[in-house]
Amino acid sequence: MSLKEDINYSLWCDFIERDFLENRFQEIIKDEIIQGATSNPAIFESSISNSVAYKQQLDMLQANNAKTIYEELALTDIKRASVLLSDLHKNDYDDGFISIEVDPLLCDDAQGTIEEGVRLNSLIGSDNVMIKVPATDAGYIAMRELTSKGIHVNATLIFSPAQAIKCAQALDEGIKESNKDIKAVVSVFVSRLDRLADSDCLNKGLETARLGIVNATKCYHEVNKFENKNIRTLFASTGVKGNELAPSYYIDNLIYPNSVNTAPLATIEDWLEDGIKEPTEIMSEEACNEYFELLAEKGINVENIYSKLLKDGLDAFKVSFKDLLSKLIN
């Protein structure tokens with residue numbers, strides 16, 4: 001039995017690029033390796049900047065402003081991905097989704113995010129699209145409103161359990177208000193915590209590459225307390241940088257029931273070759289809390305880590321988006 005059938009675990013691909021959509025993407029769907037896909041401003045910035053596959057459409061769009069050009073390019077890819085994933089979605093309404101993020105410059109503008117989410121959802125016109133909204137104070141308002149309007153949402157850039165709770169609460173309220181079978185994921189970023197905290201942990205005699213998994217597990221427990229089957233925890237930022245860990249480490253250690261892992265293509269390929277294909281034993285919430293108490297005793301302030309990572313994540317997406325827009329008009 002597959003992990004999908006056994007525990008409702010899904011693997012999504014965190015990558016989109018036009019040539020990829022016509023080749024390897026279709027193979028990994030057909031081979032039942034992935035059940036969905038995600039994108040973000042940094043992925044689009046890299047794909048559009050580095051692939052010749054966009055040149056013809058780019059040339060045709062040059063009379064437009066930069067954001068219009070970006071949206072035409074991105075929405076072409078998103079629509080294509082939604083078509084390729086549509087059979088998966090028809091067979092299992094939890095899966096077959098592709099995500100597109102709202103303009104990252106709107107991260108503190110609730111009304112602007114709502115309007116953009118509604119507009120993008122309408123332009124794409126597919127039932128297997130999730131609108132990605134960052135987990136800011138404005139984002140929580142937008143998540144609730146978008147789901148209440150019958151739009152599937154991917155809540156993103158979640159680092160702390162507090163963010164996970166606020167997202168799950170907003171999504172739970174919005175989904176219930178919609179009276180529709182609306183789906184949502186709470187995207188908890190994993191590896192970035194370890195990349196930031198590992199040197200401190202090492203200096204204080206603590207195990208490295210541990211905080212990300214424990215924190216993600218704590219967030220998973222918090223989301224599950226809402227008992228809404230339409231909201232799943234999604235583990236994001238699950239690629240490994242460097243050679244200290246197995247390339248599929250952040251997949252291998254987070255194979256939990258009713259969850260999703262979105263990973264870069266290379267990480268998925270590594271997992272297929274050498275990764276663990278069995279459900280992970282879930283760390284109890286009590287054990288998670290004890291770990292956080294240990295960090296506090298050792299003088300590691302996780303709240304500072306969460307704040308820095310959220311700021312850095314928002315800034316990075318804004319920079320990628322601005323860089324892309326400037327390239328499109330030059």
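Residue indices begin at 1 and follow the sequence shown. Just so you know, these numbers use all the heavy atoms, side chains as well, and skip hydrogens, waters and symmetry mates.
A side-chain donor-acceptor contact under 3.5 Å links Asp198 to the backbone of Ala209. The backbone N or O of Asn64 lies less than 3.5 Å from no partner atom in the side chain of Thr68, so there is not a single donor-acceptor pair. Without hydrogens or angle criteria, Ser320 side chain to Phe317 main chain gives no donor-acceptor distance under 3.5 Å. With hydrogens and angles ignored, the 3.5 Å screen pairs a side-chain donor or acceptor of Ser326 with a backbone N or O of Asp323. Within the 3.5 Å criterion, the main-chain N or O of Cys107 finds a donor-acceptor partner in the side chain of Thr136. Side chain of Gln62 to backbone of Asp59: no donor-acceptor contact under 3.5 angstrom is found. Within the 3.5 Å criterion, the main-chain N or O of Ser99 finds a donor-acceptor partner in the side chain of Ser39. Not one N or O on the side chain of Ser46 forms a donor-acceptor pair closer than 3.5 Å with the backbone of Ala42. For the pair His152 (side chain) and Asp127 (backbone), a donor-acceptor distance under 3.5 Å is present.
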Stepwise, does the side chain to side chain donor-acceptor pair (under 3.5 Å) test hold for Ser187 with Asn154? CA-CA 7 Å; Ser187 292; Asn154 178 336; 2.7 Å; yes
Applying side chain to side chain contact (heavy atoms under 4.5 Å, CB included), run through Val186 and Cys219 and close with a yes or a no. CA-CA 9 Å; Val186 175; Cys219 292; over 6 Å; no
Go through the steps for Glu32 and Lys4 under the test salt bridge (charged side-chain N to carboxylate O under 4.0 Å, His left out), then give the verdict. CA-CA 10 Å; Glu32 299 182 0; Lys4 177 65 197 171; over 6 Å; no
For Leu84 and Gln26, what are the C-alpha separation, side-chain angles and deciding distance, and is it a side chain to side chain contact (heavy atoms under 4.5 Å, CB included)? CA-CA 7 Å; Leu84 295 170; Gln26 297 183 31; 3.7 Å; yes
Please evaluate residues Lys327 and Ser49 with respect to the criterion side chain to side chain donor-acceptor pair (under 3.5 Å), reporting the C-alpha separation (whole Å), side-chain torsions for both, the decisive distance (0.1 Å), and the verdict. CA-CA 8 Å; Lys327 288 174 185 172; Ser49 300; 3.3 Å; yes
Stepwise side chain to side chain contact (heavy atoms under 4.5 Å, CB included) check, Tyr9 with Thr280: CA-CA 11 Å; Tyr9 170 84; Thr280 311; over 6 Å; no
For Thr113 and Asp109: C-alpha separation, side-chain torsions, deciding distance, then whether side chain to side chain donor-acceptor pair (under 3.5 Å) applies. CA-CA 6 Å; Thr113 298; Asp109 180 351; 5.8 Å; no
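Residues Asp172 and Lys176 meet the side-chain proximity criterion, which asks for heavy atoms closer than 4.5 Å. Between Asn258 and Ile7 the shortest side-chain heavy-atom distance does not fall below 4.5 Å. Looking only at side-chain heavy atoms (C-beta outward), Asn65 and Ile69 stay at 4.5 Å or farther from each other. Counting heavy atoms from C-beta on, the side chains of Lys132 and Val102 never come closer than 4.5 Å. Annotation: side chain of Arg232 is not in contact with side chain of Ser259 (no heavy-atom distance under 4.5 Å). Residues Ser191 and Arg195 form a side-chain contact, since some pair of their non-hydrogen atoms from C-beta on lies under 4.5 Å apart. Inter-residue side-chain proximity for Ile255 and Trp271 is flagged as met; some heavy-atom pair is nearer than 4.5 Å. Using a 4.5 Å heavy-atom cutoff, the side chains of Asp92 and Gln35 are not in contact.
Here CG of Leu73 is found 6.0 Å from CZ of Arg18. Values are rounded to the nearest 0.5 Å. The line from CG of Asn230 to OH of Tyr93 is 9.0 Å long, rounded to the nearest 0.5 Å. Here the CG atom belonging to Leu234 is positioned 8.5 Å from the CE atom belonging to Met130, to the nearest 0.5 angstrom.
Salt bridge annotation for Lys311-Asp315: present, with a cationic side-chain nitrogen under 4.0 angstrom from a carboxylate oxygen. At a threshold of 4.0 Å, the pair Lys204-Glu297 does not count as salt-bridged, since none of the basic side-chain nitrogens sits closer than that to a carboxylate oxygen. Using a cut-off of 4.0 Å between Lys/Arg side-chain N and Asp/Glu carboxylate O, Arg119 and Glu71 are scored as salt-bridged. Note on Asp19 versus Arg24: no salt bridge recorded, every NZ/NE/NH1/NH2 to OD/OE distance being 4.0 Å or above. Taking the charged nitrogens against the carboxylate oxygens, Lys149 and Glu145 do have a contact shorter than 4.0 Å, which makes a salt bridge. Salt-bridge check for Glu222 with Lys225: passed, with a basic side-chain N closer than 4.0 Å to an acidic carboxylate O. In this structure, Arg144 pairs ionically with Glu177, as a charged nitrogen and a carboxylate oxygen lie closer than 4.0 Å. In this structure, Asp94 pairs ionically with Lys183, as a charged nitrogen and a carboxylate oxygen lie closer than 4.0 Å.
Lys218 and Asn289 share a donor-acceptor pair across their side chains, judged by distance under 3.5 Å alone. With 3.5 Å as the limit, one finds no donor-acceptor pair spanning the side chains of Thr156 and Glu101. Of the N and O atoms on the side chains of Tyr54 and Ser47, not one donor lies less than 3.5 Å from an acceptor on the other residue.
Evaluation of the salt bridge (charged side-chain N to carboxylate O under 4.0 Å, His left out) rule for Arg80 yields Glu22 as partners, not counting sequence neighbours.
Under the 30°/60° scheme for interplanar angles, the aromatic rings of Tyr220 and Tyr256 are found to be tilted.
Each of Asn261, Thr38, Thr262, Asp95 was scored for a side chain to side chain donor-acceptor pair (under 3.5 Å) with Trp12, with one residue passing: Asp95.
Applying the under-4.5 Å side-chain rule to Ile, Leu, Val, Met, Phe, Trp and Tyr, the cluster around Ile165 extends to Phe226.
Among all heavy-atom pairs drawn from Ser82 and Asn128, the shortest one is O-ND2, 2.8 Å. The two residues Asn40 and Ile43 make their nearest non-hydrogen contact at OD1-N, 2.8 Å. Minimum heavy-atom separation, Cys201 to Glu207: CB-O, 3.9 Å. Shortest non-hydrogen contact noted between Leu211 and Asp194 is N-OD1, 3.2 Å.
Residues in residues 175-203 take part in these ring-ring contact (aromatic ring centres under 6.0 Å, His included) pairs, two or more places apart or across chains: Phe159-Phe189.
Phe20 and Phe15 have their aromatic ring centers within a separation under 6.0 angstrom.
Around CG of Asn243, the count of heavy atoms belonging to other residues, nucleotides or ligands within 6.0 Å does not exceed 12.
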